[in-house]
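Structure first, then comments.
This one's a predicted model, so the numbers in the text were calculated from it and none came from an experiment. Every heavy atom of this structure was used, including side-chain atoms; hydrogens, water molecules and symmetry mates were not. Naming convention: chains lettered A, B, ... in sequence-line order (proteins, then strands); numbering from 1 in each chain.
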Amino acid sequence: MTGLRLYDTAAREKRVFVPINPDRVTMYVCGPTVYAPAHLGNFRPEVVFDVLFRLLRYFYGERAVLFSRNFTDIDDKINAAAKGKGVDIAVITDRYTDIYQTDAAALNVLPKTFEPTATGHMPEIIAFIERLIANGPAYVTERHVLFSGATHKPYGEFSRQSRGEIIAGKRVDVAAYKRDPVDCVLWKPADDDMPGWESPWGRGRPGWHVECSAMIENSLGETIDIHAGGVDLVFPHHQNEIAQSVCAHGGKPLARYWLHNGVLCLNSGKMSKSEGNVVTVHAMLADGVQGETIRYSLLSGHYRAPLEWSASLVNRARKSLDRLYGVLRRLNDVQPSATGPSEPVIMALCDDLNTPRALAALFAIAGRANRADTQAEQAQAKGELLAAGALLGLFETDPDTWFGLDAVPEKTRIEIDQLLRDRAAARGAQDFERADVIRDRLAAKNIQIEDGPEGVTWRLRDQILKSDMQGRTQPL
RNA sequence: GGCGCCAUGGCGGAGUGGUGACGCAGCGGAUUGCAAAUCCGUGUACCCCGGUUCGAGUCCGGGUGGCGCCUCCA
């Protein structure tokens, strides 16, 4: 019993989380289709469910939690991208998978236990489809294999879609080969000039929904504890996954808890490649925004609520982290107590991953640290801060690095040190005019001086964005 | 058209029916040679209209506004 409660989309309420087997907790998150650099919206589930992963590891032990997240590496858009460049699809998918992994690492996202790919599980996917045909719910027609939604009685219950409404509200034409509009493709034929795999139904490739069903079964089992993803996947993707898996597994449920994160918006509209309003993580990192700032931004709202992305959101995140890292920097020489995360942090995260409340709790600890009179209090606060950070995926950077000390070239650092010595000498000689001239000169170069009881420290006043480096690269 | 979500101070964002966290910004004070950082203090904020209740931001109904899904989508 951990006190963890999660909002389950299927139940439409928060439910106490109890795993099937506390020695083997399983979770799966739908991953990206790798045909372009992933945008911030793609990384929202990556980050929020990373917090869940960390929390579960904290409760059940690192080795007890198995986390699988797929890469969809066969898809029409991938084919189109490969064809456009005249290369094999693997060239495209390898490239964007690498970028994705780099981006994820920059956001302090822990590596997954399993990262299955569709192309790496073709025999399993084909076997899965064969089982659905043998069991009845799938049928072969015009070189396609289709799953009959109607054969799964509760179809639509999970996503609150009735079959009649799906038909009435359909906005695209239903393919002629479908017996019913809610049927979905398990296997589709591939022309000779398209990537394809040999199957009992001819050369082709799997449909999107079945790939997840088959890979979940293969990497985690028939019934998993948690299945998560973006809210835009509830229908039809997750609905179809459920129908297929339940039918393939003799009625056993696919997942016991379903979690869905809200959409990320830019200019009040959902960020999505088809809308064209995307900001890629790769581009932000290349521009010099710290991954941790992006992570904090993504965690600053509750995961189920929509999150409006903006420059001011990033700016606030950066400043908030400045304050917290300032504490850690001040306590650089203090050995942190071996303590766990403070109760308010745990309580907040246990309440359906309430990260805004958890972050608020961080500031309470920071206040205590700054007010602390004794080293014991400081050590306790530092320990709590780091422990909380470990759950949230924060404070994994050295404080000096955070404040940009590594960002300036060695040569410049030597110049800065010399100027600081000059200033100290001037102050010692009561020559405040000269001391202030030096400080202003540094400030003009984005360097902020902080006089402390144990000497002067400095930091970059503002983040140096590579898109905004004018005037900041000249020598001092 | 169907299904669903949301509406809190300048901005962002929590909130179990009983005078409303936290962060950023602002203001006042302490500290500082002056700053910065830090500390202390500081805000007549709960979309509108009804209802339930001794009491509602919190529950119910209606309205208005915004958003998502129903199509590839995280």
| said: Tell me every residue that passes side-chain hydrogen bond (donor to acceptor under 3.5 Å, both in side chains) with A:Asp398, counting only those two or more places apart in sequence or in another chain. | reply: none
| field | salt bridge (Lys or Arg N to Asp or Glu O under 4.0 Å) involving A:Asp431 - partner list, sequence neighbours excluded | value | none
| request: Whole angstrom is fine here: how far is it from NE2 in A:His260 over to C1' in B:C3? | output: 15 Å
| said: Could you check whether A:Thr33 and A:Asp75, counting side-chain N and O atoms only, form a donor-acceptor pair closer than 3.5 Å? | reply: no
| Quick one: side-chain hydrogen bond (donor to acceptor under 3.5 Å, both in side chains) partners of A:Gln418, sequence neighbours excluded? | A:Arg421, A:Asp422
| query | For residues 40-52 of chain A, which residues have at least one heavy atom under 4.0 Å from RNA chain B? | reply | A:Gly41, A:Asn42, A:Pro45
Protein N or O to nucleotides 9-12 of chain B N or O, pairs below 3.5 Å:
| residue | atom | partner | partner atom | Å |
| --- | --- | --- | --- | --- |
| B:C11 | O2' | A:Arg316 | NH1 | 3.4 |
| B:G12 | O4' | A:Arg316 | NH2 | 3.3 |
| B:G12 | O2' | A:Arg316 | NH2 | 3.3 |

| said: Going by salt bridge (Lys or Arg N to Asp or Glu O under 4.0 Å), name the residues that satisfy it together with A:Arg5, two or more places apart in sequence or in a different chain. | reply: A:Asp351
| query | A:His237 NE2 to B:G68 C1': how many Å, rounded? | reply | 18 Å
| task | Apply side-chain hydrogen bond (donor to acceptor under 3.5 Å, both in side chains) to A:Glu377 and list each qualifying residue two or more places apart in sequence or on a separate chain. | result | A:Thr374
| note | A:Asp225 meets the salt bridge (Lys or Arg N to Asp or Glu O under 4.0 Å) criterion, sequence neighbours left out, with A:Arg256
| query | For A:Leu362, which contact category applies under a 4.0 Å heavy-atom criterion: base, sugar-phosphate, or nothing? | reply | nothing
| field | P atoms of B:A36 and B:G29, separation to the nearest Å | value | 13 Å
| request: Just jot down the side-chain hydrogen bond (donor to acceptor under 3.5 Å, both in side chains) partners of A:Tyr257, sequence neighbours excluded, or say none. | output: none
| Value in whole Å for how far the C1' atom of B:A14 lies from OH of A:Tyr7 | 18 Å
| message | Taking only the P atom of each, what is the distance from B:C3 to B:G61 in whole angstrom? | response | 15 Å
| Quantified in whole Å, what is the P atom distance between nucleotide B:G57 and nucleotide B:C69? | 33 Å
| Nearest-Å distance for atom pair CG/P, residues A:Leu233 and B:C5 | 18 Å
| request: Whole angstrom is fine here: how far is it from CG in A:Asn261 over to P in B:G68? | output: 15 Å
| said: Rounding to an integer number of angstrom, what distance separates B:C48 and B:U8 when you compare their C1' atoms? | reply: 15 Å
| message | How many whole angstroms separate atom CZ of A:Arg368 from atom P of B:C40? | response | 13 Å
| field | A:Asp232 CG to B:G68 P, straight-line distance once rounded to whole Å | value | 11 Å
| task | Can you tell me the distance, in whole Å, between the CD atom of A:Gln161 and the P atom of B:C69? | result | 12 Å
| message | Applying salt bridge (Lys or Arg N to Asp or Glu O under 4.0 Å), can you list everything that pairs with A:Asp98, at least two apart in sequence or on another chain? | response | none
| task | Would you indicate what A:His302 reaches in the nucleic acid, counting non-hydrogen atoms under 4.0 angstrom: base, sugar-phosphate, or nothing? | result | sugar-phosphate
| said: Rounding to an integer number of angstrom, what distance separates B:U16 and B:C27 when you compare their C1' atoms? | reply: 34 Å
| note | Looking only at B:C72, B:G15, B:C3, the nucleotide nearest the A:Arg160 side chain is B:C3
| task | For A:Lys273 and for A:Asp351, locate the closest nucleotide of RNA chain B by heavy-atom distance; then report the residue assigned to the nucleotide nearer the 5' terminus. | result | A:Asp351
| said: Between A:Glu115 and A:Gln101, is there a side-chain donor-acceptor contact under 3.5 Å, judged purely by atom types and distance? | reply: yes
| remark: Out of B:G15, B:A74, B:G13, minimum distance to the side chain of A:Pro356 belongs to B:G13
| query | Are side-chain N/O atoms of A:Thr72 and A:Asn70 paired as donor and acceptor at under 3.5 Å? | reply | yes
| remark: If one requires at least 3 consecutive Watson-Crick or G-U pairs with distances under 3.5 Å, the stems of RNA chain B turn out to be B:1-7 with B:64-70, B:10-12 with B:22-24, B:26-30 with B:38-42, B:47-51 with B:59-63
Report all interatomic pairs (protein N or O, nucleotide N or O of nucleotides 31-38 of chain B) with separations under 3.5 Å.
| residue | atom | partner | partner atom | Å |
| --- | --- | --- | --- | --- |
| B:G33 | O6 | A:Arg427 | NE | 3.2 |
| B:G33 | N1 | A:Asp436 | OD1 | 2.9 |
| B:G33 | N2 | A:Asp436 | OD1 | 3.4 |
| B:G33 | N2 | A:Asp436 | OD2 | 2.4 |
| B:C34 | O2 | A:Arg439 | NH1 | 3.3 |
| B:C34 | O2 | A:Arg439 | NH2 | 2.4 |
| B:C34 | N3 | A:Arg439 | NH1 | 2.7 |
| B:A35 | N6 | A:Asp451 | OD2 | 3.1 |
| B:A35 | N1 | A:Asp451 | OD2 | 3.0 |
| B:A35 | N3 | A:Arg439 | NH1 | 3.1 |
| B:A36 | O4' | A:Gln448 | NE2 | 3.4 |
| B:A36 | O2' | A:Gln448 | NE2 | 3.2 |
| B:A36 | N1 | A:Asp451 | O | 3.1 |
| B:A37 | O2' | A:Arg330 | NH2 | 2.9 |
| B:U38 | O3' | A:Asn370 | ND2 | 3.1 |

| said: Ring of A:Phe71, cation from A:Arg69 - is the NZ or CZ under 6.0 Å from the centre and inside 45° of the axis? | reply: yes
| task | May I ask you to check whether A:Gln161 and A:Tyr155 show a side-chain donor-acceptor distance below 3.5 Å? | result | no
| query | Closest nucleotide of RNA chain B for A:Val263 versus for A:Ala360: which of these residues is on the 5' side? | reply | A:Ala360
| Is there a donor and acceptor pair, one atom on the side chain of A:Lys77 and one on the base of B:C72, closer than 3.5 Å? | yes
| task | Between B:G43 and B:A21, how far apart are the P atoms? Round to whole Å, please. | result | 11 Å
| Between B:G13 and B:G23, how far is it from one C1' atom to the other, in whole Å? | 8 Å
| said: When the P atoms of B:C46 and B:G10 are compared, how many Å lie between them, rounded to an integer? | reply: 10 Å
| request: May I ask you to check whether A:Phe395 and A:Trp402 place their ring centres under 6.0 Å from each other? | output: no
| Can a donor-acceptor pair be found between the side chains of A:Asp183 and A:Tyr177 at a distance below 3.5 Å? | no
| Can a side chain N or O of A:Lys270 be found less than 4.0 Å away from OP1 or OP2 on B:C67? | no
| request: Establish, yes or no, whether a centroid distance under 6.0 Å links the rings of A:His282 and A:His39. | output: no
